[in-house]
Amino acid sequence: MNCQLCQTNSNHRLSLLQTFNVIKNQKKQLCQTCELTFTLITVGCLGCGRQQKTNQLCHDCYRWQQTGKKLLNHTALYQYNDAMRQFMQQYKFNGDYDLRVIFNRVLNQQINTLNADIIVPIPVSEHTMKTRGFNQTIGLIEGMAYEHLLKVSAGQKSHQSQFNRKIRMMRKQPFSMMKQISLEGKEILLVDDVYTTGNTLYHAAELLYECGAQNVRSISLSR
Amino acid sequence: MKAYYGRQLVQAKVNKVPENVISSAAFIGNTCQRCGQNVHGKLPNDHFYCRACLALGRVSSLDVLLSLPEPNDFDGKDILSWTGQLTPQQKVVGDELLETLSRSREHLVWAVTGAGKTEMLFPVIHQALSQKYRVAIVSPRVDVILELAPRLQQAFSQTDMVVLHGAQTETYRYTSLVLATTHQMLRFKEAFDLLIVDEVDSFPYAGDHMLAYAVKNARKINSSVIYLSATPTKVLQQQVKRHSLTTSYLPLRFHQHLLPVLKTAIVGPWRKKLPLKFLRQINQFNQTKRRFLIFVPKVSDLVGVYQNIRKHFPEISGDHVYAGDPKRQEKVQNMRNKKIQYLVTTTILERGVTFPGIDVLILGADEKIFSENALVQIAGRVGRNKDRPTGLVKAYVQHTNFKVIAAQRQIKQMNKRGRQLGGRV
């Protein structure tokens with residue numbers, strides 16, 4: 001097996017029980033060294049999933065609450081550290097779509113435990129779709145049933161990652177609904193790749209609440 | 001517009017192609033037109049991308065390649081500011097290289113480590129530049145390029161040159177002289193009239209189809225290629241034997257001294273405990289204030305060996321370096337500037353680097369990573385200076401194997417030929 005990130009070959013020997021399929025053989029995507037560079041979030045803020053000592057609301061979520069937003073109860077799997085930034089750089093901006101398999105399994109498992117009625121990935125703009133060729137979020141949750149409810153409004157093609165917090169927070173609603181449908185009484189789970197300021201997800205949630213959604217939560221690979 | 005001369009750049013189909021620039025398909029059939037390989041990654045909607053040359057930016061079926069033919073838009077006013085003298089043997093090779101240029105052929109320079117390959121190139125580069133030719137000097141190793149750059153800049157002080165490699169900060173300019181790693185050749189198309197490939201036998205170039213394609217694609221149809229190596233691969237040697245590749249052979253170093261012969265010492269399991277022989281040797285270096293390199297087989301050995309030496313000799317300043325080290329350039333520079341006395345390293349420093357007056361110790365020379373050619377190259381790090389043309393190369397092995405003996409034999413063979421040309425110990 002070759003590690004997806006560093007290409008080193010680690011000889012993974014099957015045990016006797018694995019050989020006869022008594023224990024299911026989970027195909028590993030990363031070598032031990034690469035896997036250790038990513039750090040899981042153990043205890044996180046209730047609102048946004050940021051790694052903290054306690055699970056109290058963090059300063060940012062407190063601010064969201066002050067503006068009258070209903071909190072997203074965001075779940076994030078990994079901390080946004082150096083390794084995660086490099087992974088995102090390689091996957092999203094260098095466009096190595098094959099890397100989606102690395103976190104596909106853990107993310108899908110986590111989504112399944114959240115029991116949502118509808119899963120809605122954050123969309124990418126049409127321009128991104130024509131240059132990058134894929135939606136990074138849909139790639140990460142490949143194999144799950146999701147619905148295209150949102151689209152990026154025309155004229156929005158700037159990447160968020162190039163701006164600082166202040167500019168990001170000033171951004172107007174970037175999304176619109178694909179079609180006007182009623183989401184009366186539905187539990188909705190928004191999926192994104194990285195949660196940074198929360199601005200994107202709160203904008204998306206706002207639209208879904210307007211359509212009558214009962215509750216909107218969110219999940220991302222990293223925070 | 002100049003940025004496109006002889007280049008091959010990737011752009012998404014949706015973006016507008018600049019005026020007059022020729023755009024061509026990124027894939028013909030299944031073959032990537034940049035690297036000539038056939039390794040695909042899938043994208044949604046039946047699109048795909050090339051995984052072979054992904055490190056240089058993605059080429060996908062959503063992109064086109066932009067290029068302009070090379071017009072050789074140079075003034076040809078070139079001054080060779082190098083004032084040194086070639087030895088008689090170097091002069092012979094230099095003349096053969098000039099002939100190579102006029103005949104537009106492929107040529108191999110097979111010269112021992114420390115023969116002064118760079119200096120031999122100066123006449124031919126000078127000739128090419130004054131004919132308004134575009135010249136590229138490439139190597140698979142970035143260290144080689146980084147060491148070559150200041151020497152070339154000094155020799156051609158009037159010529160504008162650009163240095164391209166993966167971690168460079170300088171932006172690309174259109175220049176007549178290009179120094180680059182072989183990977184960067186993927187970004188060129190029919191650009192060079194003279195292409196010089198240094199250290200052809202080294203990783204990752206040797207045996208790599210993509211890089212061979214890149215070099216072939218970057219040279220003009222009517223152009224010359226010069227390969228430089230101290231230890232050519234079997235493939236190249238076969239070509240020489242079949243006379244499909246002309247060769248210049250130079251078995252003597254520029255200072256007319258013979259190569260230092262690799263010595264071996266049998267030791268116990270050095271990973272558990274550093275052998276006494278090895279520590280005594282370092283103690284001797286410590287007393288004579290000599291600088292030295294220690295080669296180890298694996299990256300994981302570096303820290304252990306380094307800390308052990310620190311424990312025994314806390315007074316010597318040293319460091320350890322490996323390929324992925326963020327401070328790699330800085331540490332090598334420290335060694336070069338004599339700020340530290342020793343460096344524990346992996347095979348990344350086996351070739352293309354010069355530290356004057358050093359000695360070399362190799363731990364675990366019997367292991368797989370040190371091939372015959374690698375050992376010859378490592379031995380070639382020693383005695384590269386006129387003031388100290390000899391030195392010590394000692395390989396510590398747990399078992400003597402054929403590879404080590406073969407390396408010794410190769411060095412002796414070259415010394416035999418060197419002696420015939422008047423070399424001395």
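Because only heavy atoms are used, hydrogens play no part in the values below, and waters and symmetry mates are left out as well, while side chains stay in. In what follows, chains are A, B, ... by sequence order, proteins preceding strands, each numbered from 1.
- Between A:D96 and B:R58, none of the side-chain N atoms (NZ, or NE/NH1/NH2) sits under 4.0 Å from a carboxylate O, so this pair counts as no salt bridge.
- For B:K13, no part lies near chain A; criterion is any non-hydrogen pair under 4.5 Å.
- Within 6.0 Å of atom CZ in B:R310, 12 or fewer heavy atoms from other residues, nucleotides or ligands are found, so the atom counts as exposed in its surroundings.
- Against chain B, no residue from residues 206-214 of chain A qualifies, as none has a non-hydrogen atom under 4.5 angstrom away.
- Not counting sequence neighbours, B:Y4 has no partner by the ring-ring contact (aromatic ring centres under 6.0 Å, His included) test.
- Minimum interatomic distance between B:L43 and A:Y97 (heavy atoms only, all atoms of both residues): CD2-CB, 3.5 Å.
- A 6.0 Å sphere centred on CD of A:Q7 holds more than 12 heavy atoms belonging to other residues, nucleotides or ligands.
- Remark: A:N112 CG is packed, more than 12 non-hydrogen atoms of other residues, nucleotides or ligands lying under 6.0 Å away.
- With a 6.0 Å radius and a threshold of 12 heavy atoms from other residues, nucleotides or ligands, A:I181 has its CD1 atom above the threshold.
- Legend: salt bridge (Lys or Arg N to Asp or Glu O under 4.0 Å) pairs involving residues 72-91 of chain A, not counting sequence neighbours, sorted by first then second residue: A:D82-A:R85.
- Among B:A12, B:P44, B:G41, the residue with the largest count of heavy-atom pairs under 4.5 Å with chain A is B:P44.
- By a heavy-atom distance cut of under 4.5 Å, A:M129, A:K130, A:T131, A:R132, A:G133, A:F134 are the residues of residues 129-151 of chain A near chain B, going up by number.
- Other residues, nucleotides and ligands contribute over 12 non-hydrogen atoms within 6.0 Å of the OH atom of B:Y172.
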